[in-house]
Colleague: 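Below is the structure I would like to discuss, written out as structure tokens.
Along the sequence shown, residues carry numbers from 1.
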Amino acid sequence: MTDHDVTLAEVRTEMRAIRESMQKMSDALERLTRIEVQNQSRDEKIEELRKDVSDLRKRVWTASGAVAVLALLAQPILKKLGF
């Protein structure tokens, strides 16, 4: 037998190690895929929240403007009432 001769047991050991490595890579890929899906879902939720905040800001500005207008309109009445 020469240095290049390989026994069947050595081949099986190497094949087992290769299969285990492939399984680990497959598991890691599945985890990465799940994380990417979670991140995408999180990013979509963040974008929805940003839109909601933007809409709420617009409503607050509209409401504060309406309150300011009402306050201006109510001043003469409030002065007559003694406020």
Side-chain angles (χ1 to χ4, degrees):
M1 222 197 268
T2 66
D3 290 341
H4 299 291
D5 290 333
V6 180
T7 66
L8 184 57
E10 290 172 327
V11 170
R12 286 181 178 161
T13 301
E14 284 298 314
M15 290 298 293
R16 188 176 308 117
I18 291 170
R19 277 194 301 273
E20 289 172 358
S21 294
M22 289 177 67
Q23 185 61 48
K24 287 179 184 178
M25 287 190 293
S26 175
D27 293 345
L29 181 59
E30 284 182 40
R31 285 193 303 275
L32 283 173
T33 301
R34 279 195 302 269
I35 289 169
E36 286 177 355
V37 168
Q38 290 170 350
N39 286 346
Q40 181 180 4
S41 177
R42 184 199 70 218
D43 291 346
E44 289 170 358
K45 288 177 183 177
I46 288 171
E47 189 58 36
E48 287 177 26
L49 288 172
R50 284 184 178 143
K51 288 178 183 176
D52 291 345
V53 167
S54 177
D55 289 345
L56 287 172
R57 283 183 180 149
K58 289 175 187 173
R59 289 180 184 181
V60 167
W61 276 105
T62 301
S64 65
V67 168
V69 169
L70 288 174
L72 289 173
L73 293 174
Q75 276 182 340
I77 296 170
L78 291 173
K79 281 183 181 177
K80 287 181 182 177
L81 295 173
F83 288 103

Colleague: Is the number of heavy atoms from other residues, nucleotides or ligands within 6.0 Å of CZ (Arg42) greater than 12?
Modeller: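 Count over threshold, so yes.
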
Colleague: Applying the side chain to side chain contact (heavy atoms under 4.5 Å, CB included) test to Glu47, which of Arg50, Lys45, Glu44 qualifies?
Modeller: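 Going through Arg50, Lys45, Glu44 one by one, the side chain to side chain contact (heavy atoms under 4.5 Å, CB included) with Glu47 is satisfied by Arg50 alone.
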
Colleague: How many angstroms lie between CG in Asp52 and CZ in Arg59, if you round to the nearest 0.5 Å?
Modeller: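 Going from the CG atom of Asp52 to the CZ atom of Arg59 covers 9.0 Å.
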
Colleague: Which residue pairs pass the side-chain hydrogen bond (donor to acceptor under 3.5 Å, both in side chains) test when at least one of the two sits in residues 24-38, sequence neighbours left out?
Modeller: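 The answer is Gln23-Asp27.
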
Colleague: Distance from Ile18 atom CD1 to Glu14 atom CD, nearest 0.5 Å?
Modeller: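 That separation rounds to 6.0 Å.
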
Colleague: So does Val60 get a backbone contact from the side chain of Ser64, meaning a donor-acceptor N/O pair under 3.5 Å?
Modeller: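 Side chain of Ser64 to backbone of Val60: a pair is present.
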
Colleague: Members other than Ile77 in its cluster, when Ile, Leu, Val, Met, Phe, Trp, Tyr link by side-chain heavy atoms under 4.5 Å?
Modeller: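 Under the 4.5 Å side-chain rule, Ile77 groups with Leu78, Leu81, Phe83.
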
Colleague: Between atom CD of Glu10 and atom CG of Leu8, what is the distance when rounded to the nearest 0.5 Å?
Modeller: 10.0 Å

